[in-house]
Amino acid sequence: MAGKLLYEGKAKKIFETEHPYEVEVYFKDDATAFNGAKKGQIDSKGVLNNAISSMFFELLEANGVKSHFIKKIDERVMLVKKLKIIQIEVVVRNIAAGSLSQRIGWTEGKLLPCPVVEFYYKDDDLGDPLINDYHVAAMGLATPEELAFLAKESLKVNEILKAHLLGRKVKLVDFKLEYGKSDQEILLGDEISPDTCRFWDSETNLKLDKDRFRRDLGGVEEAYQEIYDRLKG
Ligand code: UDP
């Protein structure tokens with residue numbers, strides 16, 4: 001790796017580079033779920049998530065969505081712009097699943113009449129609670145204009161990814177995005193992978209994402225590989 005370890009998260013490590021405004025992201029095979037309560041390893045996950053995220057960031061860039069992505073350096077390492085992360089996780093949903101199904105009582109698989117955007121406060125100790133725009137204002141996490149941008153940009157990401165994935169016979173059920181600031185500009189950050197999205201086969205609804213790990217469904221690595229293969233074409 002280039003420089004010293006700046007931060008180690010559940011799935012990634014961040015290293016400094018010679019350039020103060022760039023960092024290297026190293027993708028690990030470690031897997032966690034339920035806010036770290038369930039731990040495991042998924043063979044090759046780091047390699048696949050780096051490759052999948054890189055493809056998505058390139059696709060988004062080509063469609064006018066700016067992100068921290070600079071380039072994929074090797075199998076497990078991505079070079080990105082250093083961001084000051086905004087402590088809000090933006091979730092976009094097209095189909096009911098996971099915590100939405102539990103909270104609203106909608107059956108998993110119900111097609112939503114319109115995409116739903118949710119905000120969560122990024123705080124592991126609190127278990128990333130659901131928040132709304134009033135909480136964001138009171139907590140000073142973002143200005144109303146910034147929050148409106150996060151919602152609009154995330155819906156744009158949804159349209160781009162949804163169409164691209166459907167062409168590869170994958171339904172985009174829901175996903176989580178994180179953003180950060182680089183020199184006052186808000187850029188999309190983190191990763192976009194089967195760890196952070198729900199992907200279902202468009203014909204069989206077979207789960208091709210981290211729910212296979214969360215719910216002990218087996219075939220976890222194969223699912224990540226399948227997403228990679230379909231994106232690669
Ligand atoms: N998600 C994520 N990180 C989190 C929470 C959720 O990447 O800390 C993703 C998750 O993979 C799914 C979407 O956000 O694609 C919605 O997750 P949900 O709120 O249903 O929570 P979950 O059921 O995963 O606990």
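Numbering starts at 1 and runs along the sequence shown. Counting starts at 1 for both ligands and their atoms, following the listed order.
Side-chain atoms of K28 and K12, non-hydrogen and from C-beta on, never get closer than 4.5 Å to each other.
The side-chain hydrogen bond (donor to acceptor under 3.5 Å, both in side chains) check on E89 picks up nothing, with sequence neighbours excluded. Applying the side-chain contact (heavy atoms from CB on, under 4.5 Å) criterion to E75, with sequence neighbours excluded, gives V47.
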Table please: side-chain donor-acceptor pairs of residues 31-42 below 3.5 Å, with sequence neighbours left out.
residue : atom : partner : partner atom : Å
N35     : ND2  : D124    : O            : 2.8
K38     : NZ   : F213    : O            : 3.2
K38     : NZ   : D216    : OD1          : 2.6
K38     : NZ   : D216    : OD2          : 3.3
K39     : NZ   : G36     : O            : 3.3
Q41     : NE2  : D30     : OD1          : 2.3

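Between the side chains of Y21 and D183, no donor-acceptor pair of N or O atoms lies under 3.5 Å.
Residue-level contacts of ligand 1 at the 4.0 Å heavy-atom threshold are E89, V91, R93, A97, G98, S99, Y120, D128, D174, F175, K176, D195, T196, C197, R198, R214.
Classification of the F69-F57 ring pair by plane angle, with boundaries at 30° and 60°, yields parallel.
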